[in-house]
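Heads up: the structure comes next, in structure tokens.
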Amino acid sequence: LTGVVFDYETKASYSIRVLTDDAKEGGTFEKTFTITITDEVENTAPTNISLSNSSIKENQPIGTEVGTLSTTDADSGDSFTYSLVSGTGDTDNSSFSIEDNTLKTSLVFDYESKNSYSIRIQTKDVEGESFEKSFTISITDEEENTAPTNITLSKTSVKENQPIGTEVGTLS
């Protein structure tokens, strides 16, 4: 059993000598052991957030996936949660939502009204260490094919007794 609280940074190993006695005359044995103190690896904060895609076509329905979030962290095996947070670059946070590690739209975007949105995202590991970063999401123009709305004819009369194939007027 330990007799003190060990600190790796103060002393990394201890030498102890153990004696065993079988309670009979001359029935003892001694051996030296080295007890190594292991350094408790401290959790480090994430150092970056990446977004797989930062643009989306206009006129997409609410809930459309923009991209997938990932985190850079020196600690292997960490898992992360993501959230939109206030701070520099959070102007348009309400226009988006995050589900697990996916950034999604919270409104239908119109390129002609606004084509660039600024958001701020936080990643947090299981130990509560976090990192925040601002992103610009671009809205791309979707050329719309709209149905025609009118037809005009330049002239609407023709003289009688004209041969077949006589031009009446021009359509537009």
Side-chain angles (χ1 to χ4, degrees), residues 1-111 114-142:
L1 300 173
T2 61
V4 297
V5 175
F6 297 108
D7 178 21
Y8 174 83
E9 283 73 27
T10 304
K11 188 172 180 181
S13 68
Y14 292 81
S15 179
I16 62 170
R17 188 167 186 82
V18 177
L19 170 74
T20 183
D21 187 344
D22 67 2
K24 297 182 181 172
E25 189 174 320
T28 63
F29 180 80
E30 291 184 40
K31 185 173 181 180
T32 301
F33 293 94
T34 299
I35 306 298
T36 304
I37 309 304
T38 56
D39 192 15
E40 182 178 323
V41 178
E42 294 185 28
N43 183 51
T44 58
T47 57
N48 197 13
I49 304 171
S50 297
L51 180 59
S52 65
N53 180 49
S54 61
S55 66
I56 186 167
K57 287 182 183 177
E58 69 177 339
N59 301 320
Q60 299 302 306
I62 291 172
T64 298
E65 180 179 320
V66 177
T68 303
L69 295 159
S70 59
T71 299
T72 302
D73 191 326
D75 302 319
S76 62
D78 253 349
S79 59
F80 305 93
T81 57
Y82 300 93
S83 57
L84 292 157
V85 293
S86 60
T88 303
D90 70 351
T91 309
D92 302 303
N93 279 6
S94 63
S95 300
F96 298 88
S97 64
I98 295 177
E99 187 176 306
D100 297 321
N101 66 332
T102 304
L103 180 66
K104 295 186 173 190
T105 61
S106 289
L107 58 90
V108 176
F109 298 107
D110 177 30
Y111 174 85
K114 186 173 180 176
N115 60 24
S116 180
Y117 290 77
S118 179
I119 60 173
R120 186 170 187 85
I121 297 175
Q122 178 186 73
T123 180
K124 190 181 284 189
D125 68 16
V126 293
E127 298 290 325
E129 295 290 336
S130 64
F131 177 82
E132 296 178 9
K133 185 175 178 180
S134 294
F135 293 88
T136 299
I137 308 301
S138 301
I139 308 305
T140 58
D141 194 14
E142 182 181 306

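Worth knowing before you read on, the calculation uses all heavy atoms, side chains too, and leaves out hydrogens, waters and symmetry mates.
- The main-chain N or O of Ile139 is never found under 3.5 Å from a side-chain atom of Glu58 such that the two would form a donor-acceptor pair.
- At distances below 3.5 Å, at least one donor-acceptor pair connects side-chain atoms of Ser118 with backbone N or O atoms of Gly89.
- Between the OG1 atom in Thr64 and the CG atom in Leu107 there is a gap of 10.5 Å [rounded to 0.5 Å].
- The environment of NZ in Lys57 is sparse: at most 12 heavy-atom neighbours from other residues, nucleotides or ligands sit within 6.0 Å.
- For the residue pair Thr44 / Asp75, a side-chain donor-acceptor distance below 3.5 Å is found, with atom types taken as modelled.
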Determine, step by step, whether Ile121 and Phe135 satisfy the side chain to side chain contact (heavy atoms under 4.5 Å, CB included) criterion, reporting the C-alpha distance in whole Å, the side-chain angles of both residues, the deciding distance to 0.1 Å, and the verdict.
CA-CA 8 Å; Ile121 297 175; Phe135 293 88; 3.9 Å; yes

Evaluate side chain to side chain contact (heavy atoms under 4.5 Å, CB included) for Tyr82 paired with Thr71, printing each intermediate quantity in order.
CA-CA 9 Å; Tyr82 300 93; Thr71 299; 2.7 Å; yes

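- Between the side chain of Asn115 and the backbone N or O of Ser138, no donor-acceptor pair lies under 3.5 Å.
- Heavy-atom minimum distance, Ile56 versus Gln60: CG1-CG, 4.1 Å.
- Not a single donor-acceptor pair under 3.5 Å links the side chain of Asp92 to the backbone N or O of Ile119.
- Here the side chain of Ser134 pairs a donor or acceptor atom with the backbone of Thr88 at under 3.5 angstrom.
- Residues Ser116 and Thr136 share a closest heavy-atom pair of OG-CG2, 3.2 Å.
- With rounding to the nearest 0.5 angstrom, the CD atom of Glu132 is 7.5 Å from the CD1 atom of Ile49.
- The shortest non-hydrogen separation linking Phe96 to Val66 is CE2-CG2, 4.0 Å.
- Judged as a ring-ring contact (aromatic ring centres under 6.0 Å, His included), and not counting sequence neighbours, Phe80 has no contacts.
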Could you check Asp90 against Val85 for side chain to side chain contact (heavy atoms under 4.5 Å, CB included), going step by step and ending with a plain yes or no?
CA-CA 7 Å; Asp90 70 351; Val85 293; over 6 Å; no

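- Atom-to-atom distance recorded for Ile16:CD1 and Ile35:CD1 is 4.0 Å, nearest 0.5 angstrom.
- For the pair Lys124 and Gln122, the tightest heavy-atom approach, listed with the atom from each and the gap, is CE-OE1, 3.7 Å.
- Listed here is the closest heavy atom pair of Ser94 and Ser106: O-CB, 3.6 Å.
- Taking the side chain as every heavy atom from C-beta outward, Ile98 and Leu84 approach each other to under 4.5 Å.
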Step by step, would you call Asn43 with Asp78 a side chain to side chain contact (heavy atoms under 4.5 Å, CB included)?
CA-CA 9 Å; Asn43 183 51; Asp78 253 349; 3.4 Å; yes

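- What you find for Phe109 and Ser95 is that their closest heavy atoms are CZ-O, 3.7 Å.
- With sequence neighbours left out, Glu129 forms a side chain to side chain donor-acceptor pair (under 3.5 Å) with no residue at all.
- The line from CG of Asn101 to OG of Ser79 is 11.5 Å long, rounded to the nearest 0.5 Å.
- Judged purely by atom type and a 3.5 angstrom limit, Asp100 has no side-chain atom pairing as donor or acceptor with the backbone of Thr102.
- Looking at heavy atoms from C-beta onward, Leu69 lies out of side-chain contact with Thr123 at the 4.5 angstrom threshold.
- Expressed to the nearest 0.5 Å, how far OG1 of Thr68 lies from CG of Asn53 amounts to 9.0 Å.
- A cation-pi arrangement is not found for Lys31 relative to Phe29, the charged atom failing to lie both closer than 6.0 Å to the ring centre and inside a 45° cone about the ring normal.
- Here Lys133 pairs with Asn48 under the side chain to side chain donor-acceptor pair (under 3.5 Å) rule; sequence neighbours left out.
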